[in-house]
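First the proteins, then the strands, lettered A, B, ... as listed; each starts at 1.
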Protein chains: 2
Amino acid sequence: MRIGEAADAAGMTTKTIRFYEKRGLLPPAERTANGYRRYSRETISRLEFIRRSQVAGLTLAQIEGILRIRDNGMTPCTHVRDILAKQLLDLDQKIAELTALRATVAEQYATAKAADPRNCDADLICSYI
Amino acid sequence: MRIGEAADAAGMTTKTIRFYEKRGLLPPAERTANGYRRYSRETISRLEFIRRSQVAGLTLAQIEGILRIRDNGMTPCTHVRDILAKQLLDLDQKIAELTALRATVAEQYATAKAADPRNCDADLICSYI
DNA sequence: CTGCACCTTCCCCTGCGCGGGAAGGTCAAG
DNA sequence: CTTGACCTTCCCGCGCAGGGGAAGGTGCAG
């Protein structure tokens, strides 16, 4: 399998695959006689894992950590559990922040809708914000 | 007021003020005889407005739009109202996305906590994700 | 006189995840 | 023999909002 076929199979571009290799998410690819990269189904599984992880919101750095454990012959289960736990906390915090921000903006918007433009204070640029 | 004092007064760094000037959020500063930038309270108000806008989650591009209207001698009220409305929609969408993601991750985490590590399939890298 | 704190311009760096495009090699089909 | 679709390496770019640090000027205190 050449890189273009692997990219199609995994649903990404050749650029992305080379980028992953350079970043260390993939081991240096085997090469054919003419220097082309050659991939096995195993690599496709790896690429698919990366995609699934990204869908879960993990960063490439986190994914790299999981892969490295696998590559050292160990099972990454515990590590993955920790990462997922941290991801849950991060998401909760972000959602809380955005919800608080939404409340602030909603209030400003309400003020802006109700206010009389003639009360505009030039020194504040805009009194709603 | 020199740039350092202005930065202290507005709660930002001198780097940021110069950056805003280059980006067009601030008009080119007046200069003293030795070439130092000199600021008035009016500029501080402008910087404070920028900060308040950032707290509301606006981008510098949006803030620039508001300031430009002011600088053209008009009141930005209507424009600000539109921006706040869009901001509310954006926030709602982001919150919805994060909430959906949180549900996915929560499910994966529950699976990971309940699963037996011995069922780990090496070909999938990790069966929880 | 010397130090120190401040100012100036300049250009590069960060994090994140790639994308664009140049300049060139390879291979099968027509 | 040429075309076209692949592939290779290389380096630069984005978007966002600045930060780091060099190399040099300025102004005041001790």
Exercise. Does any N or O donor sit under 3.5 Å from an N or O acceptor when you compare the side chain of Lys15(A) with the base of dG21(C)?
Worked result: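 Result: at least one qualifying N/O pair found.
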Problem set entry | Polar side-chain contact Tyr36(B)-dG25(D) base: donor and acceptor under 3.5 Å |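 When only heavy-atom distances are counted, Tyr36(B) does reach the base of dG25(D) through a donor-acceptor pair under 3.5 Å.
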Between [atom2] on [N] and [atom1] on [X], what's the gap in Å once rounded to a whole number?
X: Ile3(B); N: dG18(D); atom1: CD1; atom2: P; answer: 14 Å
X: Phe19(A); N: dC11(D); atom1: CZ; atom2: C1'; answer: 15 Å
X: Leu58(A); N: dG17(C); atom1: CG; atom2: P; answer: 10 Å
X: Glu64(A); N: dG15(C); atom1: CD; atom2: P; answer: 13 Å
X: Met1(B); N: dC6(C); atom1: CE; atom2: P; answer: 14 Å
X: Glu21(B); N: dT8(C); atom1: CD; atom2: C1'; answer: 12 Å
X: Ile17(A); N: dC7(D); atom1: CD1; atom2: C1'; answer: 13 Å

So does [X] get a side-chain nitrogen or oxygen closer than 4.0 Å to the phosphate oxygens (OP1/OP2) of [N]?
X: Arg31(B); N: dG25(D); value: no
X: Arg18(B); N: dA17(D); value: no
X: Tyr20(A); N: dC18(C); value: yes
X: Arg37(A); N: dC7(D); value: no
X: Thr14(B); N: dC6(C); value: no
X: Thr16(A); N: dG19(C); value: yes

Side chain of [X] (C-beta onward), nearest among [options]:
X: Gln54(B); options: dA17(D), dG18(D), dC27(C); value: dG18(D)
X: Arg23(A); options: dG19(C), dG17(C), dA17(D); value: dG17(C)
X: Asn34(A); options: dG19(C), dG18(D), dC27(C); value: dC27(C)

Backbone N/O of [Y] and side chain of [X]: donor-acceptor pair under 3.5 Å:
X: Arg52(A); Y: Tyr128(B); value: no
X: Gln62(A); Y: Thr59(A); value: yes
X: Arg38(A); Y: Thr32(A); value: no
X: Glu107(B); Y: Thr104(B); value: no

Exercise. How would you label the contact of Arg38(B) with the nucleic acid (heavy atoms, under 4.0 Å): base, sugar-phosphate, or nothing?
Worked result: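 No contact.
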Exercise. With sugar-phosphate meaning primed atoms plus P, OP1 and OP2, does Arg2(A) contact a base, only sugar-phosphate, or nothing at under 4.0 Å between heavy atoms?
Worked result: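 Since only primed, P, OP1 and OP2 atoms lie under 4.0 Å of Arg2(A), the category is sugar-phosphate.
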Exercise. Of Glu5(A) and Ala61(B), whose closest DNA chain D nucleotide lies nearer the 5' terminus?
Worked result: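 In this pair, the answer is Glu5(A).
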Extract all donor-acceptor atom pairs below 3.5 Å that involve side chains of residues 73-85 of chain B and protein atoms in other chains or at least two apart in sequence.
none

Problem set entry | Non-hydrogen atoms of Tyr20(A) and Gln54(A) that approach each other most closely |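 Tyr20(A) and Gln54(A) have their closest heavy atoms at OH-OE1, 3.5 Å.
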